[in-house]
Structures are given as C-alpha cells and as structure tokens.
Amino acid sequence: MADSLDEAFGENDPDAVQDSPVASLAAHDGVEASVAREIYHVYDSEDADTSDEEYHEAMENLRAYGESRRRKVKARIDGHGEEVEQLDVLEEDESSDDDSEEEDGLAGDNGQNGDNGVNEDVNEGNGVNEGNGVNEDVNEPAKVPPMQEARPPDSNHSSYRLSEDSNHVRANLSDSEGGDIFDDAPQYDPHCNHKVLQFVPRMKFVSPEEFKAAVVRHSVAHGAGLRWIRVEKSRREVKCKDKNCKWRVYASWFRRNQSFMVRKTGLPHSCARQLRVNQVTAHWIAQDMLERFRINPEWAPTQIMAEVKLKHNIEVARRTCYRAKISAIKMLSGSLVEDYHMVRSYLGELKKRDPRGNFILGVEPHPSEDKVYFQRFYIGFSALRDGFLEACRPMFGLDGCFLKGEIKGMLLTAVGKDSNNQMYPIAWAVVEGENTNSWLWFVNTLAQDLELRDGRGWSVISDQQKGLVEALHDLLPEAEHRKCARHVYANWKVKNKTDRGRKLFWKAVYSCNEVDWKNATTEMEGIEGEEHGTTPFTDFMNAEPRSFCRAFLSTLPKCDSVESNICETWNGVIFKYRGMRIIDMLEGIRGYVMDRVVVKYEMMLNCTDLLCPRIRKRIEKEKEVARLCTARQTLHDKCEVKIGAAGYIVRTCPLN
C-alpha cells in the first residue's frame, strides 16, 4: 500500500498529486478534483531544513490521510453516474509547534497553486474552490462554472436541462435533495398505449428487461428500427437505427429507490415509418400473441403474418412466423426434459383413473450412466376395449404416422370399424420409430389386451408398413391379413399408367366373385407393358391379389373393406396433436376420443331404427338395383337370383 502511494504521489513533485488515485477517484462522476489537491500541503519537499525523520513522518501522515479521504470519496460517490454534491473542505489540524515560517510557506504554496487555503488570513490571490472554500474574507467574487451560470437563480438543482453537445434532455439527480424528488416520477405502465408513450427523465421501470420491452413496443408502434449502443447489467442505451434521427434513450439502475430509471432522452422520432422492423423477431411475436397460440396451437404461418400486419402494420417473413410458432409452443409447454419427467406421473394417473386399462411405459437404460430414457408408451383404455369386443366387427386396421414435434418418433394405432361402418379407435402407442421391433412390441401388447390368441376369426388390414407384415405372421398366423388396395395401386401404376389398365385394376379389385375377377384379369392380360419384361397382368399377380380383392376375402367379419380408410381418417383427425409435446399430445387424443364416444352414444340413443343410420342408407341405395333382380326360392336356405342373363346363388339367413 505504501509503495503504491509513493508511486502515486511522488517524493519530490507536489503536482504529481493531481494524477494520484485519490484525485482520479475524486474526479469520477463529477466530484471536484480539488478535494485531492489539498493533500500535498502536508509536506513541502523544497524545505531545506526538513530532516529525513520529519520527511518519513510526513509521508506516513500523508498516506494515512489519503487512505481516509479515499474511503470518504468512495462512500460519497453513488457509483452509477449521478451527480453528487461537492465534498466538504478538508480541515487540517493546526499544530502549536508549527513556526511562522512553515505557515508562510504553506500559505505561499496555496496561493501559487490556486487551491483552497487552510489558514484564515488568506491573501487576495488565494483561489476559492467551486462552492467549497472556507475563507470568508475574499475580495474577489467566486468564479461560477458555465453550466451553473446558465441556470436561472431560482431553478431547482434537480430540474431538467438540455445538453448542448448531445441533444439530450437530462435530469440532474442530486443525493443532497433526498428521496422526495422521486415522488412525482412517472412509473411505466406495461398496458399503456405505446403509440403515445414518451420516455422522459426519471421515468421508472421495474427492471432492465421491462425497459427493453417498453422500448421495443414503442419502436414497433412507430415503425422505427433500433440500435442498442449499451446492453449491460446496470444500464441500457438505445438510439434510432436511422442516422438522421435524434431519438435515443439512456437508462440505468438507481440504487436509492431500487428502480431502473431513464437518465437521458433525445428528440422525438423524425424518421419515416418502416414496414419491416428489426426488433420484431420470432421470440417477440411468440410473446405478443401467446394467448392466441394457447387457443390455436396449429395457427398457420400465413395467418400469423396477416395478424401481425393487421395489428402492428409490420411485415414479417413466413419463416419468422414459423419459428414464432415453435417458440410459443415451447413457452406453453415448458422444458422438454421436464415434460418427459412427468411421463411416470401421467402413467400413474392413468392407472389410478382406469385400473382395468392397459398402460405400459417402456424405457431404455443408459449403457454407462445410471439413467433410463423414454422408449415407448402404450395407451389402452378399458372402455374402448370393451366396446370394441362387444359391438364392433372382428376386424381392425394397423397404421403408423410420424410425430412432428421436437423429438421425432412414430404413433402406432389400432383402429376398428363399428356397426355403423365408422372408425373406432382401440389403442395407440408412441414408439421410437417404425421397425420390426416396435411393431412386434405393439402387436403383441394389442393381442394380449384383446385376447386374440393366434388370430383365428380376425381380419387385419394394413398398408404394408415396414416390419408389420413380419410381426403379423409371427404373432397372429391364423388371422386374415388384408392389404390396402390404394397402396397396392400406388406401386402398380408406377409401371402401368394407361387408363384402360387402371379401370381393369379396380374392376378386378371390386369383383365379388371369382368369375367376374377372372374376366377382368383375362382382359388385363392382353395389355402390353410400357417397360420391357413387365405387363400390367404380371405386376398385378405379383402383388398377391388374394389379399386385396373382394372375391377372396373372408365373409366372417361381415366387412368387404379393401382400403385402410379408417386408419387414414384417424391420422387426419389427430394431425393437430402430432406436433405437441408427448403429454399434451396424449391428452389431446384422449380428449378427442372421449368427445367422439359421447357424440356417437347420443346419436344412437335418438335412433329408432333397427339398423344403424349408415347401414340403412346403403340398403336403400341397393334397393334401386334390386328392383331389376328376379329371385326363386328353394326348399333349403338358398335361392337363385337373376339380373338379366347373369344368375347367382344367394344364401339366405332367417331374421330372429
């Protein structure tokens, strides 16, 4: 400490005190440097009669005195740039042992340097410090600084003033005036009209973040871009992006009233309004329209663009709106890790509400760490299972669709067909991907849940999903496996694009007997292929027509469906949930199924017909064709039906 002060003050140069740490500290934020200038009078290095002991004693006094003044200066300075009152004049202890020559030397030095004197009999040449002199017998008037001279005599020290060099309106905040100067300070209201909002000195904000939000909203309301000059923990400064515009705001943290306060403001905006503002980011749009995203999570980017244009008269890019949608979903859903941490709690709640249901959570252990990771989640409600087994046809479709959230995966679903020929969701599961392992796990769990055993008497329709065919052959070998004719045709038409071949393809698919089917395939056999070595007939036969043509389907399920429309309909219905987090998605699907069951239940309560509404419509449609038929009854449960030249044997079933 002593070495640093020796280097700072110097041994033989009194003027070096002006560059000392005390002087530089005193000059910080408007504190007058004269506070430190008086310290060097403690010792006069030009006094020839001074001994080394006196010299060292004086230096020790100087160090102690400088250290005490250093602490005092630090205590008086606010630390955030506000103007403080000048410090009290230093008082030097008078020693009775000082002789008159030493006092005269000190007085001469004071007059020579123009600093504040410590003797009462100060000559006329002694200068008076700016408001802090202790000499009462001064003939010349005190020199007033230019800034104080320009201020009216009756003006308040804390009034506003215009800085000549920066075009800023600044408020002089003085510690000497107490806290009453902030009683009338305006407080920012986040719900105000930012179009008419004006930033004035002493405007208070709760935090720097609130100040930034207010500036951005003010910028958007005026269509002006911003340029942040200072972004620090305790202060912020921003100006208009237009170089010719003088709008700017400077604010910093004010410790006395614990608020973030505006210190300086510039002129109002003089720039032209812009249609694109740099502060309108995806995150800002997400925060501004968070409630809209809460109501409609699947808000389209084009609709977001139109809403921003209508509300703020600002144009944004489509990609920005897409990122805003993702950001809003993250805000509403919380952390992704926390969401997966809640899966076990969600599983426990499902088992608590539905003890008879089948809910299975599959996890995968980490190879090196003592952790487990989410892998699969099976959802099977007992009410859906019982309803399917009691009142639906013995057939169901299996399909999978991709998830569109942050974590990619697959949603596997089993959808049945009810008595009204409509889809009936049975169970669904979230898996890591579509592969043989995941399909084996899902089909095995579903078979145990529905007690399918080897699959005898059941029909399963699918669209040739990867790994699904192998899983069905291994787990349900006796079940009828139907292929979706739409997916077969999509692969078939790649090499056969003629209109005649397309008509013959669907004629063979919808043929209800082998004779009509053979006539269609024989006619297809005469069509030449577009590529060498292939024909429409050979490609049709290679697709195994017995698995997707009606002529070969089992009559036990009482269903002639050759297309997996029920699965495609289900995927379209749950599309809006597939982009959500896992728990939000599963809850959305559960809520939709619950509402659907209630609607169908109320519909059937109001139905007085013995047949379901859609079945009745189909029968009425077939009556128009049946009027051209002629039927002959036999002695057994069969009859002969003729339509023109064609005749069919029909098995009759007595009505109970």
Side-chain angles (χ1 to χ4, degrees), residues 395 397-399 401 415 417 421-423 459-466 468-469 472 480-555 557-572 614-615 617-630 640-650:
M395 73 156 296
L398 296 176
D399 196 10
C401 56
V415 184
K417 208 166 191 179
N421 272 353
Q422 291 182 298
M423 69 172 184
S459 296
V460 183
I461 185 170
S462 65
D463 54 358
Q464 301 179 4
Q465 296 280 356
K466 182 179 179 181
L468 177 58
V469 178
L472 290 174
E480 179 191 24
H481 182 205
R482 301 182 184 181
K483 295 181 181 179
C484 178
R486 291 285 178 183
H487 290 80
V488 175
Y489 173 73
N491 298 328
W492 180 85
K493 73 175 182 178
V494 174
K495 299 180 181 179
N496 308 278
K497 301 180 181 179
T498 60
D499 293 340
R500 184 186 176 191
R502 178 180 59 83
K503 294 179 180 179
L504 292 175
F505 178 91
W506 290 111
K507 182 179 180 181
V509 169
Y510 292 133
S511 297
C512 295
N513 55 77
E514 294 188 23
V515 176
D516 293 342
W517 178 85
K518 191 169 185 179
N519 292 336
T521 55
T522 301
E523 189 176 356
M524 187 188 302
E525 193 174 0
I527 302 177
E528 297 181 357
E530 298 181 1
E531 296 184 7
H532 178 71
T534 61
T535 61
F537 176 76
T538 57
D539 293 339
F540 182 82
M541 298 302 295
N542 292 335
E544 301 179 0
R546 289 184 174 272
S547 62
F548 62 89
C549 293
R550 284 181 177 174
F552 307 102
L553 299 182
S554 173
T555 59
K558 302 298 185 292
C559 180
D560 59 355
S561 297
V562 293
E563 302 168 354
S564 59
N565 291 337
I566 52 176
C567 296
E568 300 299 333
T569 303
W570 168 261
N571 292 338
R614 293 172 68 93
I615 304 302
K617 288 182 180 180
R618 183 170 180 178
I619 290 178
E620 295 298 329
K621 183 179 180 180
E622 294 295 335
K623 285 182 180 180
E624 298 295 328
V625 182
R627 61 187 178 87
L628 303 177
C629 298
T630 303
E640 180 185 1
V641 179
K642 284 189 176 182
I643 302 177
Y648 303 93
I649 298 176
V650 179

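Start at 1 with the first residue, then count along the sequence.
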Checklist entry - After noting the C-alpha distance and the side-chain angles of Asp516 and Tyr510, does the key distance pass the side-chain contact (heavy atoms from CB on, under 4.5 Å) rule? => result CA-CA 9 Å; Asp516 293 342; Tyr510 292 133; over 6 Å; no
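Closest approach of Ser554 to Glu480, counting heavy atoms only: N-OE2, 3.0 Å. Nearest heavy-atom pair, Cys549 versus Trp517, reported as atom, atom and distance to 0.1 Å: SG-NE1, 3.6 Å. In this structure, Gly397 and Cys567 approach most closely via the heavy-atom pair C-SG, 3.6 Å. Between Lys518 and Thr521, the shortest heavy-atom distance links the atoms O-OG1, 3.0 Å. When every heavy atom of Cys484 is checked against every heavy atom of Ile461, the shortest pair comes out as N-CG1, 4.4 Å. Shown here for His487 and Ser564, the closest heavy-atom pair between the two residues is CE1-OG, 4.0 Å.
Taking CZ of Arg486 as the reference point, atom CG of Asn565 lies at 7.0 Å (rounded to 0.5 Å). The CZ atom of Arg550 sits 9.5 Å away from the CZ atom of Arg482 when rounded to the nearest 0.5 Å. A distance of 6.0 Å separates CZ of Arg546 from CD of Glu514, quoted to the nearest 0.5 Å. How far CG of Asp463 is from CG of Leu468: 8.0 Å, rounded to the nearest 0.5 Å. Between the CE atom in Met395 and the CD1 atom in Ile566 there is a gap of 5.0 Å [rounded to 0.5 Å]. Between the SG atom in Cys559 and the CG atom in Asn421 there is a gap of 6.5 Å [rounded to 0.5 Å].
Side-chain contact between Pro536 and Arg500 is absent, with no heavy atoms from C-beta onward closer than 4.5 Å. Looking at Glu525 and Thr535, their side chains never come closer than 4.5 Å, going by heavy atoms from C-beta outward. For the pair Leu398 and Val460, the minimum side-chain heavy-atom distance is below 4.5 Å.
Between the side chain of Glu523 and the backbone N or O of Leu504, no donor-acceptor pair lies under 3.5 Å. For the pair Thr538 (side chain) and Thr534 (backbone), a donor-acceptor distance under 3.5 Å is absent. The backbone N or O of Asp539 lies less than 3.5 Å from no partner atom in the side chain of Trp492, so there is not a single donor-acceptor pair. The main-chain N or O of Glu624 is found under 3.5 Å from a side-chain atom of Arg627 such that the two form a donor-acceptor pair. At least one donor-acceptor pair closer than 3.5 Å links the side chain of Asn519 to the backbone N or O of Val515.
Under the 4.0 Å criterion applied to side-chain N and carboxylate O atoms, Lys623 and Glu620 are assigned as salt-bridge partners.
At a cut-off of 3.5 Å, with distance as the only test, no side-chain donor of His481 or Ser547 sits close to an acceptor on the other residue.
Applying the 6.0 Å contact sphere to CG of Leu628 captures more than 12 heavy atoms from other residues, nucleotides or ligands.
Classified by interplanar angle (parallel below 30°, tilted 30° to 60°, perpendicular above 60°), the ring pair Phe548/Phe540 is perpendicular. Between Tyr489 and Phe505, the ring-plane angle classifies as tilted under the 30° and 60° cut-offs.
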